[in-house]
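To keep things clear, I will list the structure first and then write my remarks on it.
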Amino acid sequence: MTAASGVGGRAAVVCGVGAALPPHIVSNADLTARLDTTDEWIRSRTGIARRHVAGKDLSTTDLAVRAAAQALADGEPVTVEALVVATTTPDRCCPATAPAVATRLGLTGIPAYDLAAGCTGFLYALATAAGLIAAGTAQTALVVGADRLAALPAPGDRTTVPLFGDGAGAVVLRHGSADEAGALGPVVLGSDGTGADLIRASCPGALHMDGGDVFRHAVDRMSTASRQAAIAAGWDLADVDRLVPHQANSRITAFVARQLGVPDDRQLSTIAETGNTGAASIPLLLARSAADGHLERGHRTLLTAFGAGLTWGATTLTWPGHCRSHPPKGARRDR
Ligand code: COA
């Protein structure tokens, strides 16, 4: 399914980006002290060296507020008229996270809601926020991806514990025209509930994952969605300057890049430092890359994600570059 962008000449344009990471870092060496694993196994199978993990004092709401505040301080000043929070790990089943985030940002009264689509949640949220703008419901929107996935695996499960970290990322959207830098292209989205058991967690309950099957689906779905999004935007894959794939595993993203013919030096990554941060992964990667100069004004940028559901998606934008982009709070600067 492709969600239209630029309906009636109105496009959603990215005009701010931000991110937040918990200050506490858990290295692979920390994990080897309590799990039957090695730094070499984790790095070679996943590309992950460390991950940021929130303590009890840092909720999904807290992370979302920090990332959103940074995005609002970045780029153009806007008055936010809608807020969408993508998360699989809300602090409570009810109510949703977004109204509390809005209130803490001084935005009480605006439409604010959560959206759950696993690690594809941020792209689903972008599509719905772009739809609010296209429909004229809002002139601007804040889109946040926030997750605390490190809390989901059973503490002794060596097959899942090393993979996940916590964090949040956010972008600000405003209405604009489809031909300006920052305008979102068509968003390709999909789902397949026949794979619902491949990544699952009861409420409450530990995460279970069929890693091998998930790996194969992730490569296939992200590659296909990326091709579809590029075609829908009228792009040639050879013209993609930056690939921004959901950060699940460096081997998955390497396969996707290879299938798309995108050279390694055009693929952005935070996986070594963050692990899989779920719905936060793509905006975190955008914020980080804009801050460290790997993402510059004019770069033709292809975003793609895959997650529990199964869900997947992809979209395009030419990076606006005017976003000031701070390093994610808590991030190391040595990458
Ligand atoms: N340390 C050491 N050994 C480990 C281990 C760990 N942390 N985790 C698993 N192993 C072992 C397994 O028990 C297995 O041992 P066995 O052969 O004796 O049975 C062996 O390593 C190989 O396991 P396997 O699952 O085949 O490894 P893999 O190469 O497929 O890598 C994942 C496992 C989880 C890293 C990989 O499948 C993956 O990344 N899948 C996608 C996960 C993901 O991205 N999920 C989120 C999607 S949004």
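Both counts, for ligands and for their atoms, begin at 1 and track the order of listing.
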Review point. How close does the nearest protein non-hydrogen atom get to atom 45 (N) of ligand 1, and which residue and atom is it?
Key: Met209 SD, 3.1 Å
Exercise for review: Would you name the heavy atoms of Ile199 and Gly307 that are closest together and state the gap between them?
Suggested key: CD1-C, 4.2 Å
Check your understanding: Can Arg300 and Asp241 be said to form a salt bridge (charged side-chain N to carboxylate O under 4.0 Å, His left out), step by step?
Key -> CA-CA 5 Å; Arg300 286 179 157 223; Asp241 297 307; 5.5 Å; no
Check your understanding: Can you check whether a protein heavy atom sits less than 4.0 angstrom from atom 31 (O) of ligand 1?
Key -> yes
Review point. Quick one: does Arg251 get an N or O within less than 3.5 Å of an N or O on ligand 1?
Key: yes
Practice item. Please confirm whether Arg297 makes a cation-pi placement over Trp319, using NZ or CZ under 6.0 Å from the six-membered ring centre and within 45° of the ring normal. Key: no
Review point. Are there protein heavy-atom neighbours of atom 16 (P) of ligand 1 below 4.0 Å?
Key: no
Point to revise | atom 12 (C) of ligand 1 [closest protein heavy-atom partner, distance rounded to 0.1 Å] | key: Arg158 NH2, 3.9 Å
Revision key, fill the gap. In short, Thr311 meets Ala308 closest at the heavy-atom pair OG1-O, 3.2 Å
Check your understanding: What atoms of ligand 1 come within less than 4.0 Å of a heavy atom belonging to Cys119?
Key -> 48 (S)
Check your understanding: Is the shortest distance from a heavy atom of Ala218 to ligand 1 less than 4.0 Å?
Key -> no
Practice item. Establish whether atom 6 (C) of ligand 1 and some protein heavy atom are separated by less than 4.0 angstrom. Key: yes
Practice item. State the atoms of ligand 1, each with its element, that fall below the 4.0 Å cut-off from a heavy-atom position in His246. Key: 48 (S)
Review point. Under 3.5 Å, N or O to N or O, is Thr38 touching ligand 1 that way?
Key: no
Review point. Looking at atom 3 (N) of ligand 1, is any protein heavy atom nearer than 4.0 Å to it?
Key: yes
Revision key, fill the gap. A student comparing Ile252, Val214, Asp213, Thr88 should find that the heavy atom closest to atom 47 (C) of ligand 1 comes from Val214
Review point. Does Thr60 use its side chain to pair, donor to acceptor, with the backbone of Thr89 at less than 3.5 Å?
Key: yes
Practice item. State the atoms of ligand 1, each with its element, that fall below the 4.0 Å cut-off from a heavy-atom position in Thr159. Key: 8 (N), 9 (C)
Check your understanding: What are the atoms of ligand 1, with element, lying closer than 4.0 Å to any heavy atom of Thr46?
Key -> 35 (C)
Check your understanding: Under 3.5 Å, is there a donor-acceptor pair between the side chain of Asp114 and the main chain of Thr87?
Key -> no
Review point. Can you tell me if CG on Asp30 sees more than 12 non-hydrogen neighbours from other groups inside 6.0 Å?
Key: yes
Point to revise | Numbering as shown, the atoms of ligand 1 that approach Phe306 to under 4.0 Å (heavy-atom distance) | key: 48 (S)
Check your understanding: Do you see a protein non-hydrogen atom under 4.0 Å from atom 20 (C) of ligand 1?
Key -> no
Point to revise | Proximal atoms of ligand 1 relative to Ala248 (non-hydrogen, under 4.0 Å) | key: 44 (O)
Exercise for review: Distance to 0.1 Å, residue and atom name: give those for the protein heavy atom nearest to atom 40 (N) of ligand 1.
Suggested key: Gly211 O, 3.0 Å
Check your understanding: Quick one: which ligand 1 atoms are inside 4.0 Å of a heavy atom on Gly212?
Key -> 37 (O)
Point to revise | Between Thr108 and Thr103: side-chain donor-acceptor atoms closer than 3.5 Å | key: yes
Point to revise | Atom pair CG/NE2 of Asp166 and His24 - distance to nearest 0.5 Å | key: 10.0 Å
Practice item. Locate the shortest heavy-atom distance separating Ala82 from Leu132; write the atom from each residue and the value. Key: CB-CD1, 3.9 Å
Practice item. Do me a favour and list the nearest non-hydrogen protein atom to atom 46 (C) of ligand 1 with residue, atom name and distance? Key: Asn276 ND2, 3.5 Å
Practice item. Give the residue and atom name of whichever protein heavy atom lies nearest to atom 1 (N) of ligand 1, and the separation in Å to one decimal. Key: Thr37 OG1, 2.6 Å
Point to revise | Nearest neighbour in protein (non-hydrogen) for atom 27 (O) of ligand 1 | key: Arg45 NH1, 3.3 Å
Practice item. Report the relative orientation of the aromatic rings in Phe255 and Phe215; use parallel for angles under 30°, tilted for 30 to 60°, perpendicular for over 60°. Key: perpendicular
Review point. Quick one: do the Gln247 and Thr274 side chains pair a donor with an acceptor below 3.5 Å?
Key: no
Exercise for review: Provide, to 0.1 Å, the distance between atom 33 (C) of ligand 1 and the closest protein heavy atom, together with that atom's residue and name.
Suggested key: Trp41 CH2, 3.9 Å
Study note, to complete from the structure: CZ of Arg92 to OG1 of Thr97, rounded to nearest 0.5 Å, is 9.0 Å
Check your understanding: Who's the nearest protein heavy-atom neighbour of atom 39 (O) of ligand 1, and how far?
Key -> Asn249 ND2, 2.6 Å
Check your understanding: Would a hydrophobic clustering, with Ile, Leu, Val, Met, Phe, Trp and Tyr connected at side-chain separations under 4.5 Å, put Val78 with Val101?
Key -> yes
